[in-house]
Amino acid sequence: MRFATWNVNSVKARLPRLLDWLEKTAPDVVCLQETKVAADGFPAAEVAELGYETAAHGQGRWNGVAILSRVGLDGIRRGFPGEPGFPDPEARAISAVCDKITFISVYVPNGRTPDDPHYLYKLEWLRVLGLTLAEDLAAGPLVVAGDFNVAPTDADVWDPAVFAGSTHVTPPERAAIAALRDLGLTDVPARAMKGDHPFTYWDYRAGMFHQNKGMRIDHVYASADLAAAVTDAVVDREARKGKGPSDHAPVIVDLKR
DNA sequence: ATGCCGTGTGGGACACGA
């Protein structure tokens, strides 16, 4: 099985590239984030032509997540119980069972700055997500993938000094991610196609991608059984190249299964 | 990064992103 996660930064703006990438990459399951479209506006017919069913959770111009699958798509759950909002819940999580694996696609709140109310919202959102993940882990194989908006270590940003005092690197954020790992989830390490750091995000501005000044903020967490079955995982930096890319690259994972 | 680019909304300037 091959699955992937990708923050596409608007599925409508990215549709031609998404379709090309699906054909070339041929994943069985894809977790998408920042689709920026209401569920009924998702281009489900277009991806269906490539053999994919769609489960989408959207709210319009902001956020939005989805799961595409060509190996079944059952038990769709939008959001999760007790999901915090700002103040109302946003479209940041969707789960479905594909080929007997529960997949959850997440778009964790950005946090903005450590003194912003959105920062506490981010921490609380991750804490409550953990409650659902603990239940899902007890039920069977689990993959949680998406844009976590946290760089777990200093090696996950291009220059730790630049990020001092910023969101994405603070100890409470890193602790929130560690708490998810402590539930029994493994951070699946992805290879970088180029360079030493498997960054998944590069700002659009100032040639950051070409200088490889990025961040590793898109992660794949898997239950132990699935983590042990991983045969390869890679950041597809090719998808960040060329005209009209997302500012995030996909992470592609192969499972012996 | 003191938002230098990109997207959505709406039909221009602004909100948001990490």
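Proteins come first, then strands; the chains are lettered A, B, ... in the order of their sequence lines, and each starts at number 1. Computation of the quantities below employed the complete heavy-atom set of this structure, encompassing side-chain atoms and omitting hydrogens, waters and symmetry-equivalent molecules.
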How is [X] classified with respect to the nucleic acid when contacts are heavy atoms under 4.0 Å: base, sugar-phosphate, or nothing?
| X | answer |
| --- | --- |
| A:Asp203 | base |
| A:Arg216 | nothing |
| A:Tyr107 | sugar-phosphate |
| A:Tyr201 | sugar-phosphate |
| A:Asn110 | base |
| A:His118 | nothing |
| A:Asp147 | sugar-phosphate |

Could you state the atom-to-atom distance from [atom1] of [X] to [atom2] of [N] in whole Å?
| X | N | atom1 | atom2 | answer |
| --- | --- | --- | --- | --- |
| A:Phe86 | B:dA15 | CZ | P | 15 Å |
| A:Lys36 | B:dG8 | NZ | P | 6 Å |
| A:Tyr204 | B:dG17 | OH | C1' | 10 Å |
| A:Glu90 | B:dG8 | CD | P | 18 Å |
| A:His248 | B:dG6 | NE2 | C1' | 12 Å |
| A:Tyr121 | B:dG17 | OH | P | 10 Å |
| A:Gln211 | B:dA1 | CD | C1' | 14 Å |
| A:Phe199 | B:dA18 | CZ | P | 16 Å |

Which sits closer to the 5' end of DNA chain B, A:Arg14 or A:Thr113, going by the nucleotide each is nearest to?
-> A:Arg14

Taking the nucleotide of DNA chain B with the closest heavy atom to each, which residue, A:Glu34 or A:Asn9, is nearer the 5' end?
-> A:Asn9

Picking from B:dA18, B:dT7, B:dA1, the nucleotide nearest the side-chain atoms of A:Met208 would be B:dA1

Selected nucleotide, minimal atom distance to A:Trp62 side chain, candidates B:dG3, B:dA18, B:dA15 | B:dA15

Is it true that a side-chain atom of A:Arg77 and a backbone atom of A:Ile104 form a donor plus acceptor pair closer than 3.5 Å?
-> no

Ignoring hydrogens and geometry, is there a side-chain-to-backbone donor-acceptor pair from A:Asp28 to A:Arg2 under 3.5 Å?
-> yes

Do NZ/NE/NH1/NH2 and the carboxylate oxygens of A:Asp99 and A:Arg257 come within less than 4.0 Å?
-> yes

Would you call A:Asp232 and A:Lys256 a salt bridge, using N to O less than 4.0 angstrom?
-> no

Between [N] and [M], how many Å separate the two [atom1] atoms, rounded to a whole number?
| N | M | atom1 | answer |
| --- | --- | --- | --- |
| B:dA13 | B:dA1 | P | 27 Å |
| B:dC14 | B:dG10 | C1' | 11 Å |
| B:dG6 | B:dA18 | P | 16 Å |
| B:dG12 | B:dT7 | C1' | 15 Å |

Does A:Phe103 share a hydrophobic cluster with A:Leu137, counting links as ILVMFWY side-chain heavy atoms below 4.5 Å and allowing steps through other members?
-> no

Derivation of the side-chain hydrogen bond (donor to acceptor under 3.5 Å, both in side chains) call for A:Asp218 and A:Thr200 = CA-CA 6 Å; A:Asp218 300 88; A:Thr200 63; 2.6 Å; yes

Taking N and O atoms by type only, does the side chain of A:Arg112 place a donor or acceptor under 3.5 Å from a partner on the base of B:dA18?
-> no

